[in-house]
Amino acid sequence: MIAAYYEGDERIRIGECAPVAPGPGQAHIRVSHCGLCGTDLHVFHGKMDHRVTFPQVIGHEMSGTISAVGAAVDGFAPGDRVTVRPLDPCGDCPACRAGHSYICHKLKFIGIDAPGALQGLWTVPAHTLHRLPDSLSLEQGALVEPVAVACHDVRMGEVAAGEYVVVQGGGPIGVLIALVARSKGARVVISEVNPFRLKLAAELGLNAVNPRETDLVEFVNRETGGAGADAVFEVSGSAAGAELMTKLPRTRGRIVVVAIFSETPKIDLFRFFWRELRLCGARVYEPQDFEEAISLAASGKLPLSRLITNVLPLDGLESGFREMESGGEAMKLLVKCSE
């Protein structure tokens, strides 16, 4: 068993896995696959070094099989196929006491603040476990976490059947938001500039527009009879996306900010006043979002296999990050962590 250790300065060291025996309330997992996401790339680039204890195993989008459980673990046993909801809240801050532990003021994100899944054997709190059905492959099971992000975002956006939805940004989360919104019966358009992602979105049956070639505001108004979108999801994290998002919703429409902005963006607050728009942020997920994601993934309604553009061995992690940096023909990269 091996593990990938982030050592800072874009250095990844492949070494022996150092298994930790599960204590009370913990489970030991043989990790099958781990997906790479934008957060992992930010860690690799050193942007979260203040949260990392070196050397750190990172990664959090995963699937695997329980190999052992500690005392006081109910409902799970060795051999169970699982994924992990990688949140460890404090349980005592104002957010936790109000029932919003998933956005705990002192939240530990497992895979950043604590060791993650890019290793053969991984020990986690049992309260993070969600069971995977036998009908869902472990490869696709590693996509449950990003699908849960999309389920949470769409729920926060209150998307309903028949509504018109715009998703700004056609990366993995943007495409998954579009697919989940479509599963609710919404009409969806994705705004994206990457040719490969535009083509893939179109192949998935999604309406995809390049805002550098098509006036997105005119396009949405034409599609909606001049009304505008019911809901807009800002997933691009770009200054242009933040400026454009207020121009797209209908009167009393909704805007959901999903992206993390590296700099404070310029936002047209007059549009919020003029059209009585609503703005909300959407961060991570709750248990119900994971259960919905598992149900959707197992149902076959989401073309998850089409989103996987490469499966790498664990010792190919750094090349995976370089592939993500290139911004070319990549959507979702998975790492095979054990046989």
Side-chain angles (χ1 to χ4, degrees), residues 146-194 197-261 265-283 285 289 292 296 301-303:
V147 176
V149 170
C151 289
H152 182 73
D153 298 341
V154 170
R155 181 162 64 86
M156 294 292 284
E158 300 177 4
V159 173
E163 290 194 321
Y164 191 90
V165 170
V166 178
V167 180
Q168 296 187 160
I173 295 299
V175 169
L176 286 170
I177 289 171
L179 292 171
V180 172
R182 186 175 69 178
S183 77
K184 305 287 185 184
R187 298 165 58 206
V188 185
V189 60
I190 286 184
S191 173
E192 172 58 50
V193 298
N194 179 299
R197 291 176 171 179
L198 280 167
K199 181 174 180 289
L200 179 58
E203 290 173 353
L204 297 176
L206 296 165
N207 206 349
V209 172
N210 186 338
R212 293 176 180 170
E213 299 174 354
T214 301
D215 187 311
L216 188 60
V217 176
E218 288 185 5
F219 180 89
V220 170
N221 284 333
R222 187 167 60 249
E223 289 263 297
T224 61
D230 296 286
V232 176
F233 293 86
E234 167 36 39
V235 200
S236 73
S238 66
E243 189 170 353
L244 185 60
M245 69 183 184
T246 59
K247 297 178 172 64
L248 299 170
R250 62 167 172 81
T251 299
R252 291 197 167 186
R254 288 110 50 202
I255 299 173
V256 182
V257 175
V258 178
I260 299 173
F261 287 83
K266 178 183 177 181
I267 298 174
D268 185 358
L269 293 179
F270 178 79
R271 292 285 291 186
F272 282 91
F273 156 77
W274 194 248
R275 288 204 167 185
E276 291 197 349
L277 303 179
R278 285 189 287 153
L279 174 69
C280 77
R283 177 185 168 200
Y285 26 61
D289 302 309
E292 181 182 5
L296 272 175
K301 294 179 181 178
L302 305 181

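The first residue of the sequence shown is numbered 1, and numbering continues consecutively from there.
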Would you say R275's side chain and P249's backbone share a donor-acceptor pair under 3.5 angstrom? yes

Residue pair [X] / [Y], side-chain heavy-atom distance below 4.5 Å:
{"X": "L244", "Y": "Q168", "answer": "yes"}
{"X": "C280", "Y": "V256", "answer": "yes"}
{"X": "L179", "Y": "L206", "answer": "yes"}

[atom1]/[X] to [atom2]/[Y] distance, rounded to the nearest 0.5 angstrom?
{"X": "T224", "Y": "R187", "atom1": "OG1", "atom2": "CZ", "value": "7.5 Å"}
{"X": "S191", "Y": "L198", "atom1": "OG", "atom2": "CG", "value": "8.0 Å"}
{"X": "L296", "Y": "C151", "atom1": "CG", "atom2": "SG", "value": "5.0 Å"}
{"X": "R197", "Y": "I190", "atom1": "CZ", "atom2": "CD1", "value": "10.5 Å"}

Quick check: closest heavy atoms across [X] and [Y], and the distance to 0.1 Å?
{"X": "G157", "Y": "A231", "result": "O-CB, 4.4 Å"}
{"X": "D153", "Y": "F233", "result": "O-CE2, 3.3 Å"}
{"X": "R250", "Y": "D230", "result": "NE-OD1, 2.6 Å"}
{"X": "V154", "Y": "A181", "result": "CG2-N, 4.0 Å"}
{"X": "L279", "Y": "M245", "result": "CD1-CE, 4.5 Å"}
{"X": "A186", "Y": "V159", "result": "CB-CG1, 3.7 Å"}

Side-chain donor-acceptor contacts of residues 170-178 below 3.5 Å, not counting sequence neighbours, with atom names and distances?
none

Side-chain donor-acceptor pairs of residues 265-274 under 3.5 Å, sequence neighbours excluded:
residue : atom : partner : partner atom : Å
D268    : OD1  : F270    : N            : 3.1
R271    : NE   : T246    : O            : 3.1

Residues in salt bridge (Lys or Arg N to Asp or Glu O under 4.0 Å) with R278, at least two apart? E158

Please tabulate, for the side chains in residues 210-217, all donor-acceptor contacts under 3.5 angstrom to protein atoms that are two or more places apart in sequence or on a different chain.
residue : atom : partner : partner atom : Å
N210    : OD1  : R212    : N            : 2.9
D215    : OD1  : V217    : N            : 3.1
D215    : OD1  : E218    : N            : 3.0

Residue pairs meeting salt bridge (Lys or Arg N to Asp or Glu O under 4.0 Å), one or both in residues 235-248, sequence neighbours left out, come to none

Show me the pairs that pass salt bridge (Lys or Arg N to Asp or Glu O under 4.0 Å) and involve residues 171-185, at least two apart or across chains.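 Non-adjacent pairs meeting salt bridge (Lys or Arg N to Asp or Glu O under 4.0 Å): K184-E292.
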
Side chain to side chain donor-acceptor pair (under 3.5 Å) with [X]: which residues, sequence neighbours excluded?
{"X": "R252", "value": "E276"}
{"X": "S238", "value": "S236"}
{"X": "R254", "value": "E163"}
{"X": "K199", "value": "E203"}

With Y285, which residues qualify under ring pair (Phe, Tyr, Trp, His ring centres under 6.0 Å), at least two apart?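 Ring pair (Phe, Tyr, Trp, His ring centres under 6.0 Å) check on Y285 returns F290.
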
side-chain contact (heavy atoms from CB on, under 4.5 Å) with A229: which residues, sequence neighbours excluded?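 If we apply the side-chain contact (heavy atoms from CB on, under 4.5 Å) test to A229, skipping adjacent residues, the hits are Y164, V166, V220, V232.
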
